[in-house]
Amino acid sequence: MSAQDAVDLHAVRSLLSDRCFACHGPDAAKRRAGLRLDTRDGIQDALTRADTGVSELVARIDSTDPERVMPPPDAGTTLDATERALLRAWVEGGAPFVDHWAFVAPTRPEVPDGAPHPIDAFVHAQLLGTGLTPAAEAPTAVLLRRLHLDLVGVPPTPDDVRAFEHAHAADPDGAVADAVDRLLAQPGFGETWARPWLDLARYADSNGYQADQLRPSWAYRDWVIRAIDDNMPFDQFTVEQLAGDLLPDATLDQRIATGFHRAAPCNVEAGVLPEENRTLQVFDRVNTTATVWLGLTMECAQCHDHKYDPIPTRDYYRLFAYFNHTPLEVELPSGTTDVSHDFVGPYLDLPLSPAQEEARRSLERDLRDAETARDAHRSAALPDWIERNRLAAENTPTWRTLAPADLKTTGQEEVRFLDDGSALLVGPVPDVATYTLRLAPAEGTITMLRLEALSHPEISGEGPGRGDTARPNFVLNELEVTRRGEPVTLGAAWADFSQKGWPAEGAIDGDPASGWAIAPRFGKPHDLTVSLDPPIEGGELTVTLRQQWGRGRVLGCVRISVSDGDPADTHALSDAVLDALRSDPTDWSHDQRAAVEAAFTKSDPRARSLEDAAEQLASDLAALQPDRTLVMEELEERRVTRVLRRGHYLDPGDEVEPGTPEALPPSTGSDRLALARWIVDPANPLTARVVVNRWWAQLFGRGLVETLEDFGHQAAPPSHPELLDWLAVELVASGWDRKHVLRQILTSRTYRQDSILGANDRDLDPANVRLARGPRVRLAAETIRDQALAAAGLLDSTRFGPPVMPYQPDGVWRAVGRNAPRWEEAQDASRYRRGVYVVWRRAAPYPSFVTFDAPDRASCTVGRPRTNTPLQALTLLNDPVFLEAALALADRALAEAPEQPITRAFRRVLARHPESAELDRLRELWRARRADYERAPERARALIEGVRARYEPASDDPAALAALFHVTHVLLNLDETVVKG
Amino acid sequence: MGLAPLLQLADDQRPHHEPRAKHVIYLHMVGAPSHLDLFEPKPELARRDGQLCPERFFAGKQLAFIRERPNLLGTPTDDRDFAFRRCGESGAPISNLLPHLQGVADRLCFVRSMRTDHFNHAPAQLYLLSGFERFGRPSIGAWVHHGLGSPNPNLPGFVVLVTGQILGAGNSAWGAGFLPTDRQGVELRSKGQPVLFLDDPPGMSRDERRDTIDAIRDLNGLRAARTRDPNTLGRSLQYALAHRMQSSVPELVDLTSEPQHVLDLYGARPGARSFANHCLMARRLVERGVRFVQLFDQGWDHHGNVFYGIKKKAKQVDRPIAALLLDLERRGMLDETLVVWSSEFGRTPMGQGSTGNGGTAKSMGRDHHKEGFTIWLAGGGVKAGHSFGETDDLGYDVIRDPVHIHDLNATILHLLGIDHERLTHRYQGRRFRLTDVHGRPVRGILA
C-alpha cells in the first residue's frame, strides 16, 4: 500500500491519537475501559466486544449525554462534525488499521510523470486540481542571493551576480548546478549549516544555571563545521558524535565529536547533589538524542508510559541505560561551605596550535637563558654574601620561653598548659575571641617578643587555626603587650610567613580590620616577632591577642618567648638559614642550601630580578597549556540502570538492560556505539526522514512534516509523503551524502521558483504548503549580522578557535555567582567574525541574536521561531554593529562606484539591481541629507564619528559619506534584506 | 510565517472567563527571604532556639548547605526590631523590620503554606516561574502575554526590572520557551539605555531618524506591491512601533515627571538604580497598560548573618512596596492589578553556621527550605486582610491548606481570566501548559 492510498487512514489515526489515545492509547496506567485504539489488536478487540462494538463507538461520539459522550466533557477536547463523520465512516468501514506512517521504513516511491526532476514531479502532481500553478523561476540575481544565503550565509558580490547571469543566460540548469557545486565547496557552507545543528546540540560555551561559567568545548563546534564542510556521511557524523569515544582506536577527532552530549547544561550550585545532576544530564541526553535523530518526544515517558506513542516508561529507561555510564560532572571543590561545585568530568587535551607551539619553543629558550644568567650571578655573588651573613648568624639572639601563668579567653573554651610552655585551647570554637596571657616574670633586657602559632593534633585540621578543618586559618587582628597595666610600645613586626593581604604588621597597627593570617600554609607552626621600641627591663608581661574575623578563625595553640638580641640581626633571615650559616657549607643538606640560596636571592636586588625574570618565564610556560575540550568517556564499571519511578533518581524500580524502543526495529549491542549504529541503520524508519525534513525546512522555512520535532502519532501529516520518503531513501542510498541531497533539492524547479505570491496564493495557500512558489523566510539571527558585515566588507573570514566577543552593550553579562566571566570586547578583526564563533553564554546570549529568535541553547532547539518585533527594528536601527556596517558599506560603495554609489550599495546587499522607483526614493533621501550636510559639514563629521565604532573611513568627503550612510542604513533595514526571498 | 504576529493578536487572545485583574506586578525576591523572620512568629521556635532540631527535619532531607544535624534558630526575642506586630483589622503578624508594610497589612493576602519541589536557586526559580525545573519552557509572564496580549501596542506587554545581580535562572526566567519569541519579557535596564538599542546614534537627529523610517516604509511598500507578502508590511509596522517606543520609553522611565510627594512615598530618586525606582516604574508601566511587570530584587540568600542581612534587605524594600500598594489604591488601580510578592522557596527554621561548635547567633544563617514558606498577594481579585494556610509550630511543614507553586500559578492565571488547563501551546506533539498536569486555583484566597 502506498502512502497516498492510506491518507484517510492516516488522518483517522492522527485524529484518534489526538483525541482518544490519552485514555485509550499506549499508557497502560491511564487506559480506561480496557479499550486501546493505537494497535491493530486493540481495535480488533474493541470491534468484537459488546460494550465497544461498532455501533457503540459511533453512538458514543455522537452522544449528547455528558455521561456517555466521547471524548468526555472533562477531556478538554471535542470532535467536530467533520471529524465525527470521518470516524463514523472509518468504523462503519470495518475500522481498518494502518501503522503510523513514520514507524514504517520508507521505500523508494514511484516518481510521477510530468517533470524531469523527481522533486518537481512530486510537487507538481500535488498541485493538480488545487488551482495553484508553479511559479516561474526567480529573477537570476534573486536566485543567486537565495543560494548564497542558504549555502554560505552571505550575499553574492556584484561580480558573482554578473558571472552567474552570464552563465544562466546560456544554460540555466547548468549555471544553477555549477553555482550549487561552487557554494557547497566554500568554507562558509560548514559555518552556515553548523548553526542549526548547534541549536540541536544545545552547544554553548557556558554551563547554564546559577554561576553559568564558561567552559571550553569550541573544538566540538569546529568539528561540526569541518565535518559538514568535508561532507562527512551523515551516518558517520551521527556515530562519531554519539559514540566516537567507543570506536576502535578512536582518533582525536572522533573523541572531540562526543562533545555533542557534553553540551548538556550543568548546575554547580552548592545544594546540587552530584548524582541528581548526573541523572538530569542523562535525561537530557536521552531526550535530545530522541528529538534530534528519531523525531520523538521521549520526555513524557520519564514518568509514565507515553500518551500517544508506543513508548512505555520501561523503554525510556532502556534508552537511558545506554547513556548511564559516564562519570559525575560536578564535585565540591573543598570543605563543605563553598558556594558552588566545580564543573569536572572528562576533558580532552587538544594539540598545541602552531602559534602556541612556537610560543612554547621561544619561552623555553628564554627560560634557559634566564636560568643561566641567574645561576652565573649566584655563583659569583653567593660566597661573599655567606661570609657577610655568617657574622650575623653568630650574633643571633637567643630566645627564652615565657610560660603563661594564666590565659583568659572571651569564649567558652578550655585551656590546657603544656610542658613546652605553650597553651592549647580545646572545646567549643568561639566565633571571635580575645585571649589574654599573663606571663611568668621575665628578667633582663627584652628587645623582642615572639608569638608562636603552633599546630597540634588535637586542633581540627591540626591548626594552627581552629574554625575550619579544611582551612584551619586564624586571623590575629591585634597583638598588644602591657607591663603592669602600661602599654609597651611595639616597633616592627615580621613573620615567618604571611598570607597575601594579611601581613604581620597588620597585627600591631592598631587597626582592628587588618591582621596577620597564614593561608594556605595550614598544618604547620608559624611565628610572629615584634620588636619592643624602646626595649624594656624585665617585669611581668601581659599579651593580648585579639581575633575578630569571625567563624572561628582563632588560634589553637600559642607560646610566647622573648629575646635580648638585636632585631637587626635576625629580621631578614629565618632560623633555618641562620642554622645553616653557622655550619660549614660543605655539610649543608639540599634543603639547607636551597634555604640559603633563597635568602640570598631575597636580599640581593640583582639576584632577585634575575630570579623574578626566570619565574615569570616559567609561569608563562606553565600557563601555555594545551586547549581542552569536553568529551564523553565511558566508565569501566557499568552502572545498573533501573526505571526511576516518576522520574525521580532516588526512587529506583525494576532493573532494565539497554535496548531500543520495542515499537522500532531491535538493536544488537548494549553500548552507545550500538545505539548510534542502530540509529543510522537503514531499517530505522525515522532517522533519514527526520533529517531530510529538517534540511528541507532549513531551505523552505517549513518542513514537509511541519512538526520538525515530532514524528510520533501527534505529528502533523506530511504535506508530500512520497517526496519525503524519496528524499529519505535518496539520503541513505547515496551513502548519507548531505551535499548530494542538498544538490537534488537546490537544482529543482521547486526551489528555484520566484517567491512572490501569486494572485490567489494568499487565499489558496498562504503558508506555501503546496510549494507553488519559492521560499520566503526571515534569515537567522547570525546570518543577518554576517550579511551586514559581508556587504560592508568587514567580515573577518578567520575560521575556528576559541569563541569571540564582538561589540556588545555594557551590562548584558552580569555576575550570576562565583567566578562569573566578563565580556572583553575584541578590538581586533575578530570582532567582525561570523556569528557562529560568537561566545554563547546561556544566561545571556548575544543580544541581537536573542532579539532575532536565537534560543539560549540550554536545551535542544529544533527550528527557531521567526517573529517580527519592534525590538528587531531597534536592533537594526541602532545596534552599533549595524551602524558601523552601514558606514563601511557607504564608504565602500563610494570607493567602488563613485558615480553610482547607491546602486552599488544596493547590489552589495540585495544582489539585484534597484528598480527605478526604488532608486528614486533612495536618491531623494540621499539628496536631502547631502544638502543638509553641505550646509553644515560639522554635522556630517559628527554623524560619522557617532557611528564609525572602530572603522576608519577612506572617503575624504564627509558630506557625501554621511549622506550615503543614511541610504545604506536604510538598505540594511529593509524587509527584503532580512528575508531570503 | 503567516501574518505578522502583531496582526494575529485580536482573535487568539481573549480571557476564558471574566478577569478579576488585568495586570500583574510580580515582585520576586531573588535568593529567598527568611519568611520566618518577616511574617511568621513562631514562639515555640524562639523558645527552642539553639536546641538540636528534631531528627526528622534533617534525616533524609535535602538541604543545600547544612551537612550536620543543625540547631533550631528562632527569630531574636531580645531585639525590638525583630518583634512582630499584629497589624490592622486583620491582625496579620508582620515584623517591625517592615514598618511600612505593617501599615498596609489589611490589603495583603498571605499564603503561609507555600511548597515547592526544588531547593537550588536556578531550578527552583525556573520551576516557580515556568512550571518546569529545567530550561526550555515559557515563563509565566510570557504565558500571560501570549494568552491575553497587551493593551498598549507602544510598549512591550511583559516588562522586567532587575535590581542587583541577575538571578541564576538568567534570561530564561522571563523567556518565551517554545512560544513566539516576542512573548518574552523585555528588560528595562536601569543603567544605559532603558531598552537595548533604543537610542539613536550620536549625530543623528529625530527628524533624520523619521526620514529613515519613512524611507524604509516606502521601500518596503514598493517591494510588497510586487511580492504581495503581508509580512513586509508587518515589518514596516514594527518600525513605526519602534519609533513610537523611542518616545514612549524615555517618557516612561523619566521619573522627574513624578511629583515630589510621590517620589518621597516610594523613596525613589530619579536616576538611581534602586528597587524603589523599580516599584514606581511598575506603577507607571501598569498605568500605561503593560500586562505583566516583573521585578527581581537580588540579595536575599542569607546563609550567614541572616539577622543582619534580612534587616538590611527589609529596609530596602519595605517603603517602596507599601508605597506601590498605596499608590495603586489611590489611583483606583489596585482593583485590577494583582501584586504578587514571592520567592523561589523559603528558609529553614534551622540555623546554618557554626553554633554547633561555638559560633554566635550573629553569624548564623538559614538554609533553603522548600517544605513550607510564605508569600503574599494583593489587589485584583484576592481577599484583602486574609491569611491562608499554616505551618507547624517550628515553621517546618505545612499543616493546613498546602499551596503548591503550580496552584499559585493556576491562581494567578485564574485571576486574569485564564483557565490554566486551557491556556496551552502545542509543541512536540503535545499541548503544554504553565502548570504541566498539576495545579488548581486556590479558591480560599479569591475575593
Side-chain angles (χ1 to χ4, degrees), chain A residues 76 209-210 212 267 269-272 297 308 336 412 428-431 550-552 707 709-710 712 714-715 756-757 767 776 809-811 814-816 843-844 847 853 856 858-859 865-870 873-875 878-879 883 917-918 921 925 942-943 946-947 966 969-970 973-976, chain B residues 1-2 4-5 64-65 67 119-123 135-136 165-166 168 170-172 175 180-182 186 189 191-192 196-204 211-212 215-216 218-220 222-223 226-229 231-232 234-235 238-239 241-242 245 354 357-360 363 368 421 428-430:
Chain A
Y209 293 103
Q210 188 81 353
D212 200 30
N267 193 359
E269 269 186 72
V272 164
T297 337
Y308 305 108
T336 54
Q412 304 297 316
V429 179
D431 187 50
R551 313 237 315 250
T707 51
E709 75 289 351
D710 184 22
Q714 292 287 90
I756 65 174
L757 277 74
R776 289 184 70 75
D810 288 340
R814 276 160 297 182
V816 284
D853 305 307
D856 59 13
S859 56
R866 286 187 294 268
T867 60
N868 184 2
T869 69
L874 288 174
T875 299
N878 291 330
D879 181 343
L883 293 168
E918 291 169 330
R921 184 65 183 85
L925 177 68
L943 178 81
V947 300
H966 286 271
H969 192 213
V970 165
N973 275 273
L974 293 180
D975 180 64
E976 187 178 357
Chain B
M1 182 148 61
F65 283 79
R67 295 285 179 267
F119 66 97
N120 284 305
H121 294 291
F135 296 98
Q165 293 186 334
I166 213 161
N171 292 12
S172 298
T181 318
D182 56 354
V186 173
R189 296 146 42 98
K191 190 183 172 197
L196 281 179
F197 312 127
L198 184 73
D199 296 350
D200 294 331
M204 183 179 291
D211 286 354
T212 306
I216 293 166
D218 291 350
L219 285 152
N220 282 345
L222 288 169
R223 193 65 193 154
R226 274 189 75 82
T227 65
R228 300 193 187 91
D229 183 353
N231 288 304
T232 306
R235 191 163 306 279
Q238 299 304 322
Y239 274 78
L241 176 48
M245 274 177 70
S354 53
N357 44 8
T360 63
S363 64
H368 307 168
E421 294 185 348
Q428 289 204 326
R430 77 175 177 99

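Proteins get letters first, then strands, A, B, ... in listed order; numbering begins at 1 in each.
With a 4.5 angstrom heavy-atom cutoff, B:Leu222 touches chain A only via side-chain atoms. Heavy atoms closer than 4.5 Å to chain B are found in the side chain of A:Asn267, but not in its backbone. With a 4.5 angstrom heavy-atom cutoff, A:Ala715 does not touch chain B via any of its atoms. Only the side chain of B:Met245 comes within less than 4.5 Å of a heavy atom of chain A; its backbone N, CA, C and O stay farther away. With a threshold of 4.5 angstrom between heavy atoms, A:Gln412 does not approach chain B through any atom at all. Of the atoms belonging to A:Thr869, heavy atoms from both backbone and side chain fall under 4.5 Å from chain B. Only the backbone of A:Asp810 comes within less than 4.5 Å of a heavy atom of chain B; no side-chain atom from C-beta onward does.
Side-chain contact between B:Leu196 and A:Thr875 is absent, with no heavy-atom pair separated by less than 4.5 Å. Residues B:Arg223 and A:Leu974 are not in side-chain contact: their nearest non-hydrogen atoms beyond the backbone lie 4.5 Å or more apart. Side-chain contact between A:Leu757 and B:Asp229 is present, with at least one heavy-atom pair separated by less than 4.5 Å.
Nearest approach of B:Gln238 to A:Ala873, heavy atoms of both residues: O-CB, 3.9 Å. Taking each heavy atom of B:Gly203 and A:Leu943 in turn, the nearest pair found is O-CD1, 3.5 Å. Closest approach of A:Gly946 to B:Pro201, counting heavy atoms only: O-CB, 4.2 Å. Here the closest heavy-atom approach between residue A:Pro870 and residue B:Ala242 is recorded as O-CB, 3.6 Å. The minimum heavy-atom distance between B:Gly234 and A:Asn868, with the atom names listed, is C-ND2, 3.4 Å.
Judged by distance alone, with hydrogens and angles left aside, the side-chain atoms of A:Asp975 form no donor-acceptor pair with the main-chain N or O of B:Arg235 at under 3.5 Å. A donor-acceptor pair is defined here as one N or O able to donate and one able to accept, closer than 3.5 Å; such a pair exists between the side chain of A:Asn878 and the backbone of B:Asp199. B:Tyr239 places no side-chain N or O within 3.5 Å of a backbone atom of A:Leu874 that could act as its donor or acceptor partner.
In this structure, the separation between CG on B:Asp218 and CZ on A:Arg921 is 4.0 Å, given to the nearest 0.5 Å. Considering CZ of B:Arg228 and CZ of A:Arg776, their distance stands at 11.5 Å, rounded to 0.5 Å. How far NE2 of A:His966 is from CG of B:Asp211: 8.5 Å, rounded to the nearest 0.5 Å. Between the CD1 atom in B:Ile216 and the NE2 atom in A:His969 there is a gap of 7.0 Å [rounded to 0.5 Å].
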